[in-house]
Amino acid sequence: MSFGSLLTMAQEGAQRLGEEGVLCLGVPIAPLDPLPALPKLSQHNDFTWIWDGWPGLTLAATGVEQSLELSGPRRFALAQRFVDTSLSRLVCSHPVGHAVQRPRLVLAFSFFGHADGDGVPGVTIVLPRWQLGRQGCHCWLLHQRSLGGTVTARSMAEALWEQAQALRQSPPPPLCLPRLVASSDSWHQPFQSSVKQALELINNGELCKLVLAAQQELLLSNPLNPIELLRSLRRHQPGSCRFLWHPPNSQESNAVVGASPERLLELRSGRLRCDGLAGTAAVGGDGAEQLLRSNKNRHEHELVVNAIVRSLQSRGLNPRRRTSPRLARHGNLMHLHTLIQTHAHGHRVLDLAEALHPTPAVAGLPRREALAWLRSLEGFPRGYYGAPLGWIDLCRDADLRVAIRCGQLQGQHLTLTAGAGIVMGSSPGREQKEVELKLSVLQQQFAITRDARLQPLKG
Ligand SMILES: C=C(O[C@@H]1C=C(C(=O)O)C=C[C@H]1O)C(=O)O
C-alpha cells in the first residue's frame with residue numbers, strides 16, 4: 001500500500017466518523033513477530049499488552065486511547081456497556097475479515113472484583129492506540145485515535161506510515177535473564193494449616209471444594225524485562241497462551257506475566273468454547289496414567305465441568321461436553337481436560353464471563369461460601385490471579401483466559417502465585433507438593449537460574 005492510498009482511506013474514514021467516534025487506520029506489513037517488536041512500538045506509552053498464541057494469533061498493543069477502571073458487583077455489566085459503546089463508535093478504514101485486521105478492547109479483571117488491598121481495580125479495559133497482530137502470513141499494524149486538535153486524518157496516516165517503516169524486524173538479541181538470588185518458602189506452614197481448615201469445612205459439609213493458593217517471593221539479580229520472560233515462556237509453554245499485562249498508570253517495571261493453560265471462554269463467530277481443567281500431575285513417570293485413574297482427581301475435575309455446564313445453562317445455553325476427560329500437557333505439567341462448547345449467537349461475552357467466573361478450578365464450591373473462606377484463609381490479596389484476562393474485537397469475537405501460571409513483576413521482585421484444589425480425600429502434604437510443583441515449573445519456564453548462594457527470603 002502506498003502512502004497516498006493510506007491517506008485517502010484515512011480521509012474517507014474521517015468523513016464517516018460520528019462526533020465521538022474513533023478512527024481505526026490499518027496497514028498490512030511484512031510478517032514479523034510482535035513480541036520483540038513491542039519495545040519499538042511502545043516508546044512513549046505506559047500501557048503495554050501482549051497476547052502470544054504463537055504460531056497462532058499473536059498480538060501486541062500499547063498506548064491508551066480510551067480506558068475504564070471500575071470495581072464492585074456490577075463490574076461485568078458496566079464493562080460490557082463500555083465495550084458496546086466503544087466498539088459502536090469505531091470506524092475502520094479497512095476490511096476486518098481477518099482477526100489481525102480488527103481493533104479490539106483488551107481487559108483484565110481482578111479475582112474478587114472489589115478494590116483489593118493491593119489496588120488492583122475490579123476491571124480495567126483499554127482501547128489501545130497501537131495494535132500489531134500476526135497470524136501466519138497475515139500481519140497488520142493498526143492505529144486508533146479520535147480526531148481533534150492536532151490529530152487529523154493526515155497526522156494519523158503519517159504516524160502509522162512512519163511506525164510501519166520503523167518496525168522492520170531485526171533478529172532478537174540473545175535471551176538474557178537474571179539469576180535468582182533469594183526465594184521465600186515461608187508460605188509452607190500457613191498453607192498447610194489453611195488446607196487443614198479447608199478439609200474440616202469439607203468434612204463437615206460446609207464446602208465441597210476449595211482452591212487454596214500460595215505466593216512465593218523471588219528476588220532476582222537485576223530487574224526483569226517481561227518480554228524476555230515471554231520469549232522464554234514461548235519456548236517452554238508452547239501449548240498455553242502467554243500474556244503480559246502492564247496496566248496504564250503503573251510503574252514501568254510493574255507487570256503481570258504468565259502462560260495460561262485455561263480458557264474461561266473463547267468466542268469465534270458465535271461459537272463458544274470453555275475449558276474444564278482440574279487434576280494435576282508432573283510430566284514423566286506414570287503420573288499421567290495415575291491421573292486418569294485417580295478417583296479423587298476425577299471427582300475434582302467433574303465438579304469443575306459440571307459447574308461450567310450449569311453456569312452456561314443458567315444463561316439459556318445448551319452446552320455439550322465429552323463424557324470423560326483427556327490429558328492436556330502444559331509445559332511440564334499434565335492436567336485432566338474437558339472441552340465444553342456450544343453456539344452462543346446473540347449472547348454478550350461479559351454476561352457469559354460473569355456467569356462463569358470464578359469456576360471451581362480456581363475458587364471452590366459452593367461459590368459464595370468458597371469466596372468468603374478464601375478471603376479469610378489466604379493471607380494475601382489475589383489481585384489478577386485466577387481472574388479473566390483477554391480481549392473482545394470489533395466483530396465480537398473474544399478470548400478470555402484464566403490468569404494462572406503467572407507472576408507479578410516489580411523491578412527485581414517477582415511474586416509467583418499457584419493453587420491447588422482441596423476436596424474430600426486431599427492431604428495437606430500432597431497439596432503442598434502440588435503447589436510446590438507448580439511454582440517450580442513456573443521458575444523453570446521463566447528460565448530463571450539459581451544463584452549458587454541462594455538465600456532464603458523473609459516474608
Ligand atoms: C489453581 C491453579 O490451577 C488450577 C487448578 C488445578 C488443579 O487443582 O489440579 C489444575 C489446573 C487449574 O485449573 C493454579 O495453577 O494456580
Side-chain angles (χ1 to χ4, degrees), residues 111 187 191 194-195 198 202 208-216 233 237 239-241 243 256 258-265 274-283 287-288 290-292 294-305 307-308 325-340 356-365 370-371 374 377-378 380 382-389 400-408 415-428 430-446:
F111 184 83
W187 60 272
F191 181 77
S194 300
V195 174
I202 289 166
C208 193
K209 177 175 181 184
L210 191 67
V211 184
L212 284 169
Q215 284 195 329
Q216 186 180 36
L233 282 178
Q237 278 273 32
S240 305
C241 178
F243 61 86
V256 187
S260 172
E262 193 169 341
R263 277 174 293 205
L264 183 70
L265 64 85
C274 304
D275 290 324
L277 200 78
T280 304
V283 167
Q290 282 193 10
L291 195 54
L292 278 172
S294 149
N295 286 337
K296 182 231 159 209
N297 277 295
R298 292 290 286 261
H299 166 62
E300 195 183 329
H301 181 78
E302 205 48 35
L303 291 176
V304 173
V305 176
I308 293 175
R326 307 211 157 168
L327 287 171
R329 184 180 172 166
H330 290 276
N332 289 335
L333 293 176
M334 198 72 93
H335 296 298
L336 294 178
H337 174 242
T338 300
L339 178 66
I340 299 142
L356 290 165
H357 172 75
T359 74
V362 287
L365 273 173
L371 288 175
L374 285 181
L377 290 179
E378 287 178 346
F380 56 88
R382 281 196 168 196
Y384 296 106
Y385 170 76
L389 159 144
L400 292 176
R401 294 270 164 165
V402 181
I404 53 173
R405 311 298 144 79
C406 57
Q408 176 99 27
T415 307
L416 305 179
T417 312
I422 319 299
V423 291
M424 184 87 78
S426 293
S427 92
R430 274 205 306 271
E431 299 308 328
Q432 181 180 319
K433 286 226 152 46
E434 180 173 327
V435 172
E436 273 177 297
L437 174 70
K438 286 175 174 165
L439 291 170
S440 69
V441 165
L442 254 175
Q443 277 187 39
Q444 285 160 23
Q445 287 165 353
F446 281 151

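For reference, positions follow the sequence shown, starting with 1. Atoms considered below: every heavy atom in the structure, side chains included; atoms not considered: hydrogens, waters and symmetry mates. Each ligand, and each atom within it, is numbered from 1 in the order the structure gives.
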**Study point:** From Phe191 atom CZ to Leu377 atom CG, the distance as rounded to the nearest 0.5 Å
**Key:** 10.5 Å
Exercise for review: Looking only at distances, please establish whether an N/O atom of ligand 1 is found under 3.5 Å from an N/O atom of Ala418.
Suggested key: no
**Study point:** Protein contact to atom 12 (C) of ligand 1 [nearest heavy atom, distance to 0.1 Å]
**Key:** Glu262 OE1, 3.4 Å
Review point. N/O of Ala420 under 3.5 Å from N/O of ligand 1, yes or no?
Key: no
Check your understanding: With under 30° as parallel and over 60° as perpendicular, where do the rings of His330 and His335 fit, or are they tilted in between?
Key -> tilted
Check your understanding: Glu434: heavy atom below 4.0 Å from ligand 1, yes or no?
Key -> yes
Review point. What about Ile404: any of its N or O atoms under 3.5 Å from an N or O on ligand 1?
Key: no
Review point. Say you draw a straight line from CG of Leu291 to NE2 of His301; how long is it, rounded to the nearest 0.5 Å?
Key: 9.5 Å
**Study point:** Ser240 vs Pro261 side-chain heavy atoms within contact, under 4.5 Å
**Key:** yes
Point to revise | For atom 11 (C) of ligand 1, the protein heavy atom that lies nearest, with its residue and separation | key: Arg405 NH2, 3.5 Å
Check your understanding: In the protein, which heavy atom is nearest to atom 4 (C) of ligand 1, and how far is it?
Key -> Ala361 O, 3.5 Å
Exercise for review: Within a distance under 4.0 Å of any heavy atom of Gly279, pick out the atoms of ligand 1 and give their elements.
Suggested key: 7 (C), 9 (O)
Point to revise | Heteroatom proximity flag, His335 to ligand 1, N/O under 3.5 Å | key: no
Check your understanding: Would one find an N or O of Val211, backbone or side chain, under 3.5 Å from an N or O of ligand 1?
Key -> no
Practice item. Give the residue and atom name of whichever protein heavy atom lies nearest to atom 1 (C) of ligand 1, and the separation in Å to one decimal. Key: Tyr385 OH, 3.2 Å
Exercise for review: Check ligand 1 against Glu300 and write out every atom of the ligand that is under 4.0 Å from a heavy-atom position of the residue.
Suggested key: 7 (C), 8 (O), 9 (O)
Review point. Side chain, backbone, both or neither: which part of Thr280 has a heavy atom under 4.0 Å from ligand 1?
Key: both
Study note, to complete from the structure: Near Leu277 (heavy-atom distance under 4.0 Å), the atoms of ligand 1 are 11 (C), 12 (C), 13 (O)
Review point. Should you measure from each heavy atom of Gly419, which atoms of ligand 1 turn up under 4.0 Å away?
Key: 1 (C), 2 (C), 14 (C), 16 (O)
Point to revise | atom 6 (C) of ligand 1 [closest protein heavy-atom partner, distance rounded to 0.1 Å] | key: Lys438 NZ, 3.4 Å
